[in-house]
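Worksheet for the structure shown next.
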There are 2 protein chains.
Amino acid sequence: MKKPFGSPGKASGLILRIGQCLFSTASIGVMTSASGFSTVTAFCYLIASMGLQVLWSFGLACLDMHALRFHKDLHNHIIVSLFVVGDWVIATLSLAAACSSAGVMVLFSKDTNICKTDPKLSCNMFPISISFAFASWFLLSISSYVMLWLVASI
Amino acid sequence: MKKPFGSPGKASGLILRIGQCLFSTASIGVMTSASGFSTVTAFCYLIASMGLQVLWSFGLACLDMHALRFHKDLHNHIIVSLFVVGDWVIATLSLAAACSSAGVMVLFSKDTNICKTDPKLSCNMFPISISFAFASWFLLSISSYVMLWLVASI
């Protein structure tokens with residue numbers, strides 16, 4: 001069977017996983033360096049969700065590296081089924097976290113003047129962190145579709 | 001080929017579409033009857049997204065009814081591919097809208113005391129509308145997975 005772009009054990013799959021790790025880590029880094037994030041539940045949830053994504057993507061990146069190094073075949077039905085469930089659950093949580101943070105950010109900067117009246121909030125940092133979270137979710141959603149495609153066709 | 005649960009042209013598919021329509025309409029109805037919703041962008045986006053879902057699900061429910069009434073087979077690759085793209089786009093938009101509204105609602109009721117200080121906001125109505133939106137998204141996500149499964153196996 002031809003292995004599609006981004007499938008486990010391929011260089012493209014490894015690049016996708018490394019990209020997910022980098023964007024999630026950047027999102028956590030920017031959010032935790034912004035002052036006032038801990039007063040908003042949505043921003044704390046974003047950090048938790050991105051942390052989970054870093055762990056998951058880093059684990060799968062290591063597995064991809066191992067498969068590439070020792071020419072292992074990861075296209076086993078049980079392995080791919082496990083990957084697909086994990087990918088979909090974490091992708092849904094990441095999208096939920098990014099969207100709830102974006103909703104709060106729009107409220108802060110557009111619907112109210114909280115950003116102007118509260119100098120303790122780093123309102124210029126939050127959108128950067130949320131953008132990284134969306135980029136990370138986008139890469140994870142590509143992996144998720146590829147996995148679902150694989151599990152349907154194996 | 002055996003038609004799975006919730007596939008187009010089956011009674012289970014029609015029930016899923018009618019459920020999506022009902023929950024989306026209920027979400028719009030509760031949100032528009034709550035005072036102060038128009039001051040929050042996330043709540044306005046929820047109404048727009050649920051409106052789009054009502055239109056989409058109602059159209060597909062009519063098609064399902066037509067297929068059931070005249071015993072038509074909708075398991076054509078082009079038709080199912082169109083359904084799968086529409087379903088996934090609208091499911092992603094619905095989840096984004098529900099999550100951004102939920103993020104704002106948690107901010108109003110837990111992180112700040114906006115709900116207590118601003119009597120113009122119907123803070124008891126917003127969670128009901130958001131719950132209906134999540135229920136509607138959940139039913140749409142079932143349809144989306146069935147469609148993706150069908151398009152991968154046709």
Side-chain angles (χ1 to χ4, degrees), chain A residues 1 4 36-46 49 80-81 84-85 87-89 91-115 117-118 120-121 126 130 133-134 137-138 140-142 144-154, chain B residues 1 4 36-46 49 80-81 84-85 87-89 91-115 117-118 120-121 126 130 133-134 137-138 140-142 144-154:
Chain A
M1 193 185 70
F37 79 91
S38 59
T39 56
V40 180
T41 307
F43 294 160
C44 296
Y45 171 49
L46 184 81
S49 171
V80 178
S81 299
V84 84
V85 173
D87 266 353
W88 277 103
V89 169
T92 309
L93 291 178
S94 298
L95 179 64
C99 291
S100 56
S101 301
V104 171
M105 193 58 233
V106 171
L107 183 89
F108 278 177
S109 59
K110 193 173 161 283
D111 301 337
T112 62
N113 53 1
I114 291 175
C115 273
T117 55
D118 193 347
K120 280 184 299 205
L121 287 171
F126 300 141
I130 296 166
F134 272 112
W137 164 76
F138 180 72
L140 187 58
S141 68
I142 297 174
S144 310
Y145 275 102
V146 172
M147 290 294 177
L148 195 66
W149 202 263
L150 270 178
V151 87
S153 59
I154 278 177
Chain B
M1 194 185 71
F37 80 91
S38 58
T39 55
V40 180
T41 307
F43 295 159
C44 297
Y45 171 48
L46 185 79
S49 172
V80 178
S81 300
V84 84
V85 173
D87 265 353
W88 278 102
V89 169
T92 309
L93 292 178
S94 298
L95 179 64
C99 290
S100 56
S101 300
V104 170
M105 193 58 233
V106 171
L107 183 90
F108 278 178
S109 59
K110 192 174 161 286
D111 302 336
T112 61
N113 54 0
I114 291 175
C115 273
T117 54
D118 192 347
K120 279 183 299 204
L121 285 174
F126 299 142
I130 295 166
F134 272 113
W137 164 76
F138 180 72
L140 187 59
S141 69
I142 297 174
S144 310
Y145 274 102
V146 172
M147 290 292 176
L148 195 66
W149 203 263
L150 269 177
V151 87
S153 58
I154 280 177

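Quick note on labels: first sequence line is chain A, next is B, and so on, each numbered from 1.
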| For B:V89, which residues count as a side-chain contact (heavy atoms from CB on, under 4.5 Å) partner, sequence neighbours excluded? | B:V85, B:L93
| task | Please list, chain by chain and in numerical order, all residues satisfying side-chain contact (heavy atoms from CB on, under 4.5 Å) with B:F37, sequence neighbours excluded. | result | B:M31, B:T32, B:F43, B:I47, B:F126
| Nearest 0.5 Å, what's the CG-OG1 distance between A:D118 and B:T112? | 11.5 Å
What part of [X] gets closer than 4.5 Å to chain B, counting heavy atoms only: side chain, backbone, both or neither?
| X | value |
| --- | --- |
| A:F108 | side chain |
| A:A102 | neither |
| A:T41 | both |
| A:V106 | side chain |

| field | A:L95 versus B:L95, closest heavy-atom pair with distance | value | CD2-CD2, 3.6 Å
| said: For B:Y145, I'd like to know if atom OH has over 12 heavy atoms of other residues, nucleotides or ligands within 6.0 Å. | reply: yes
| said: For B:F134, is the CZ atom crowded, meaning more than 12 foreign heavy atoms sit under 6.0 Å from it? | reply: yes
| Residue selection (most heavy-atom pairs with chain A, distance under 4.5 Å) from B:S101, B:C99, B:G103, B:A97 | B:C99
| task | Determine whether A:D111 and B:T39 make a side-chain contact, defined as any pair of heavy atoms from C-beta on separated by less than 4.5 Å. | result | no
| remark: Greatest number of non-hydrogen atom pairs under 4.5 angstrom with chain B, of A:S141, A:S100, A:A96, falls to A:S100
